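Here's the structure, in structure tokens; my notes come after.
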Amino acid sequence: MDVFYALAEPNRRHIVEMLASKGQLSATEICDRFAVSPPAISQHLKVLKEANLVQVEKRAQQRIYRINPDAVQQLEQWAKDVMELWNQRFDAFDQVLQAEKEKMLKKKKDKRSITARLKARKD
């Protein structure tokens with residue numbers, strides 16, 4: 001299961017946010033915080049588990065959910081890699097823009113110089 005597919009659904013993102021703030025919650029505690037049916041929440045938890053975003057521990061009759069820190073670190077690394085790629089692209093784009101700006105300024109300066117020489121010849 002793809003992590004981004006799992007996080008695309010708002011209820012699943014909310015479950016992950018709850019687990020991030022509380023540390024761990026039972027399936028019942030998670031269900032109690034939603035206005036949707038327990039089977040629907042159970043399905044969301046199943047998707048999150050298949051995406052490896054949450055870990056489940058069975059304690060007697062309860063299932064305790066918590067965030068999988070390895071999955072979060074992989075997401076964080078992916079975001080850093082994408083950000084670094086875009087920063088490299090923006091840096092290259094800045095260099096192109098700077099070179100074009102310098103060319104335009106040189107052309108403008110050359111044009112003023114030619115205009116001044118032509119004016120001087122007329123005088």
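We count residues from 1, following the sequence as given. This one's a predicted model, so the numbers in the text were calculated from it and none came from an experiment.
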Side chain to side chain contact (heavy atoms under 4.5 Å, CB included) assessment of N68 paired with N52: CA-CA 7 Å; N68 179 358; N52 204 25; 3.1 Å; yes
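The salt bridge (charged side-chain N to carboxylate O under 4.0 Å, His left out) pairs that include a residue from residues 107-121 are K106-D110, where partners are two or more places apart or lie in different chains. Sequence neighbours left out, the pairs with a member in residues 44-65 that pass salt bridge (charged side-chain N to carboxylate O under 4.0 Å, His left out) are E57-R59, E57-R66. Within the structure, the ring-ring contact (aromatic ring centres under 6.0 Å, His included) test picks out no pair touching residues 102-123 (sequence neighbours left out). The stretch residues 100-121 participates, sequence neighbours left out, in no ring-ring contact (aromatic ring centres under 6.0 Å, His included) pair at all. Listed by first and then second residue, the ring-ring contact (aromatic ring centres under 6.0 Å, His included) pairs that reach into residues 102-123 come to none, sequence neighbours excluded.
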If you look only at distance, which donor and acceptor atoms sit under 3.5 Å apart when one is on a side chain in residues 1-14 and the other is two or more places apart or in another chain?
residue, atom, partner, partner atom, Å
D2, OD2, F4, N, 3.1
D2, OD2, Y5, N, 3.0
E9, OE1, N11, N, 2.7
E9, OE1, R12, N, 2.9
R12, NE, A6, O, 2.7
R12, NH1, H44, ND1, 3.2
R13, NH1, L7, O, 2.8
R13, NH1, A8, O, 3.0

List the atom pairs, with distances to 0.1 Å, where a side-chain N or O of residues 78-92 and a protein N or O form a donor-acceptor pair under 3.5 Å, not counting sequence neighbours.
residue, atom, partner, partner atom, Å
D81, OD1, Q77, NE2, 2.9
N87, ND2, M83, O, 3.3

Show every donor-acceptor pair shorter than 3.5 Å between a side-chain atom in residues 28-40 and any protein atom, with sequence neighbours excluded, or say none if there are none.
residue, atom, partner, partner atom, Å
E29, OE1, S26, N, 2.8
E29, OE1, S26, OG, 3.4
R33, NH1, E29, O, 3.1
S37, OG, A40, N, 3.3

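Crowding of Q98 atom CD: a count of heavy atoms from other residues, nucleotides or ligands under 6.0 Å exceeding 12.
Grouping Ile, Leu, Val, Met, Phe, Trp and Tyr residues whose side-chain heavy atoms lie under 4.5 Å apart, directly or via other members, leaves I64 alone, with no other cluster members. Taking Ile, Leu, Val, Met, Phe, Trp and Tyr as hydrophobic and joining them when side-chain heavy atoms fall under 4.5 Å apart, one finds L97 in a cluster with F93.
Cluster membership check: L25 shares its hydrophobic cluster with V16, using side-chain heavy-atom separations under 4.5 Å among Ile, Leu, Val, Met, Phe, Trp and Tyr.
With sequence neighbours excluded, the residues satisfying side-chain contact (heavy atoms from CB on, under 4.5 Å) with A27 are L45, Y65. Residues that satisfy the salt bridge (charged side-chain N to carboxylate O under 4.0 Å, His left out) test with E102, not counting sequence neighbours, are absent from this structure.
Here the side chains of I67 and L19 are in contact, with some heavy-atom distance below 4.5 Å.
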